[in-house]
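By convention in this document, chain letters (A, B, ...) are assigned in the order of the sequence lines, proteins followed by strands, and residues within each chain are numbered from 1.
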2 protein chains.
Amino acid sequence: MEKAEEILKIKDVNPTAVRILVLRYLLEHLKPQSLKDIEKGLMHTDRSSIFRSLKTFEEKKVVHSIEDGSGMIKYAVCPTGCNCDPQDLHYHFYCTKCSYTYCLLDNPIPIIKLPQNFKMQRANMVVKGLCNKCS
Amino acid sequence: MEKAEEILKIKDVNPTAVRILVLRYLLEHLKPQSLKDIEKGLMHTDRSSIFRSLKTFEEKKVVHSIEDGSGMIKYAVCPTGCNCDPQDLHYHFYCTKCSYTYCLLDNPIPIIKLPQNFKMQRANMVVKGLCNKCS
DNA sequence: TAAACTTTGCAATTGAGTTGCAGTATATTC
DNA sequence: GAATATACTGCAACTCAATTGCAAAGTTTA
Ligand SMILES: [Mn+2]
Ligand SMILES: [Mn+2]
Ligand SMILES: [Zn+2]
Ligand SMILES: [Zn+2]
């Protein structure tokens, strides 16, 4: 079994044709990809089908999404063992020049002291600036 | 001179009628407000004029914007002394139930170790979950 | 005052995201 | 295996926040 199929099996997602294509596309690309990126990459697959695959993936924790302020949500395959819990979260970096987004997997986000009775569920942490290629 | 006018003077922004109204509206509200919120609040002011005021404010560092994933950018007046530099940045909290956004001004964001040659300019740090009123 | 520049309101456009629906494929039941 | 139920897909249409073009109104400068 290939990597994509394996992941879908583990995360309990029906391995349909479109889903395998989308997940493979994400696995083949190091950096988080937008719906449009994927649509361009998979030229014969419909946008709304890709969109629904991504929604399913997110729900089943196959991928996580990043709101990097570019106007397009980016998607990246969750690292092994990730369950999208607060302790699994990581920073992202958005390059304002080349508009690539990076998962910064090396350091987890610290525990953030919230006001009384605020309960954290998720986070979207984006550092913006210039990446190594653009600085 | 009133607070809004004072701020505009300090930040070198022409204190036009619309700008004063918009800035006052933001000052009167504790929580970051969206363009639509402001439009609703200032019923006789045109959306695009408010929009352009906000863009000017952001450029001149009168306000900072928050991409909280709600689909609408929120704007909040910068705290005194803020210059929107990395050390001025703070976390935000987005309540997934009431969809209010909060500036968490008490703790600044820590220094984040970036990969070699990545240069930070700005950040958009959003913790999501339930606020005190909703949890 | 006249010219130059800035700001504003209105209408129209953009574009990512989302949805309804009918056709196709896959799974389940008989 | 055929009949039925369920899941998935492609297409077209729609939503809605953001953005823009433009001309009118307001302000500053010469
Ligand atoms: Mn990531
Ligand atoms: Mn803030
Ligand atoms: Zn870059
Ligand atoms: Zn709340």
Side-chain angles (χ1 to χ4, degrees), chain A residues 4-5 8-9 11-26 32-60 62-76 94 99-101 124 126, chain B residues 4-5 8-9 11-26 32-60 62-76 94 99-101 124 126:
Chain A
E5 278 95 326
L8 293 178
K9 184 160 198 183
K11 298 290 173 84
D12 193 32
V13 177
N14 253 5
T16 67
V18 173
R19 286 175 188 162
I20 290 169
L21 284 175
V22 172
L23 184 49
R24 272 198 203 143
Y25 187 87
L26 288 176
Q33 303 285 312
S34 70
L35 175 55
K36 197 198 243 175
D37 293 334
I38 303 168
E39 197 187 355
K40 261 188 262 174
L42 307 177
M43 291 211 308
H44 301 295
T45 312
D46 181 72
R47 178 164 28 112
S48 60
S49 300
I50 300 171
F51 171 77
R52 287 189 268 234
S53 291
L54 291 170
K55 287 287 157 195
T56 304
F57 287 174
E58 201 175 6
E59 199 179 313
K60 295 302 190 78
V62 175
V63 305
H64 61 279
S65 64
I66 306 130
E67 292 142 6
D68 60 14
S70 68
M72 283 180 287
I73 298 167
K74 306 275 173 74
Y75 297 88
Y94 175 72
S99 79
Y100 275 133
T101 297
N124 183 62
V126 181
Chain B
E5 279 96 327
L8 293 178
K9 185 161 198 182
K11 297 292 173 80
D12 192 33
V13 176
N14 253 4
T16 66
V18 173
R19 286 175 187 161
I20 289 169
L21 283 175
V22 173
L23 184 49
R24 271 197 204 146
Y25 187 86
L26 289 176
Q33 303 285 313
S34 70
L35 174 55
K36 197 200 244 173
D37 293 334
I38 303 168
E39 198 187 355
K40 260 188 264 174
L42 307 177
M43 292 211 308
H44 300 295
T45 311
D46 182 71
R47 178 164 27 113
S48 60
S49 299
I50 300 171
F51 172 76
R52 287 188 268 232
S53 291
L54 291 170
K55 287 287 157 196
T56 304
F57 287 174
E58 201 175 5
E59 201 180 312
K60 294 301 189 78
V62 174
V63 305
H64 60 279
S65 65
I66 306 131
E67 293 141 6
D68 60 14
S70 68
M72 283 180 287
I73 299 167
K74 307 274 173 75
Y75 298 88
Y94 175 72
S99 80
Y100 276 132
T101 297
N124 184 62
V126 181

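- The CG-C1' distance, from Leu21(A) to dG10(D), rounds to 14 Å in whole Å.
- Of the residues near DNA chain C, Phe51(A) and Ser49(B), the one whose nearest nucleotide (by heavy atom distance) lies more toward the 5' end is Ser49(B).
- Rounded to an integer number of Å, the gap from Met72(B) CE to dT15(D) P is 17 Å.
- Look at Asn14(B) and you won't find any side-chain N or O under 4.0 angstrom from OP1 or OP2 of dT27(D).
- One interatomic measurement links the two molecules: CD1 of Ile73(B) to P of dA16(C), which rounds to 15 Å at whole-angstrom precision.
- In this structure, Lys55(A) reaches the dT18(C) phosphate: one of its side-chain N or O atoms is under 4.0 Å from OP1 or OP2.
- Whole-Å rounding puts the Leu54(A) CG to dA16(C) C1' distance at 13 Å.
- In this model, the phosphate group of dA16(C) is approached by a side-chain N or O of Lys36(A) to a distance below 4.0 Å at OP1 or OP2.
- For Arg19(B) and Glu5(B), the salt-bridge test fails: no basic side-chain N is under 4.0 Å from an acidic carboxylate O.
- Using a 4.5 Å heavy-atom cutoff, the side chains of Ser99(B) and Tyr94(B) are in contact.
- Atom C1' of nucleotide dA16(C) and atom CD of Glu67(A) are separated by 13 Å, given to the nearest angstrom.
- Distance CD (Glu39(B)) to P (dA18(D)): 10 Å, rounded to an integer number of Å.
- Which of dG9(C), dC8(D), dG17(C) sits closest to the side chain of Asp46(B) comes down to dG9(C).
- Annotation: side chain of Ile66(B) is in contact with side chain of Asn124(B) (closest heavy-atom distance under 4.5 Å).
- Judged by distance alone, with hydrogens and angles left aside, Ser48(A) brings a side-chain donor or acceptor within reach of the base of dC11(D), the pair sitting under 3.5 Å.
- Atom CD1 in Ile50(A) sits about 14 Å away from atom P in dT18(C), given to the nearest Å.
- Side-chain atoms of Arg52(B) and base atoms of dG9(C) include a donor and an acceptor less than 3.5 Å apart.
- Expressed to the nearest 0.5 Å, how far CG of Leu23(A) lies from OG1 of Thr16(A) amounts to 10.5 Å.
- Atom NZ of Lys40(B) and atom P of dC16(D) are 12 Å apart (whole Å).
- As judged by a 4.0 angstrom heavy-atom cut-off over every strand, Arg19(B) is placed among residues touching the sugar-phosphate backbone only.
- Both Ser53(B) and Leu35(A) sit near DNA chain C, but only Ser53(B) has its closest nucleotide nearer the 5' end.
- Using modelled atom types, one finds a donor on one side chain and an acceptor on the other under 3.5 Å when comparing Ser70(A) with Asp68(A).
- Backbone-only contact: Thr16(B) has heavy atoms under 4.0 Å from sugar-phosphate atoms and none from a base.
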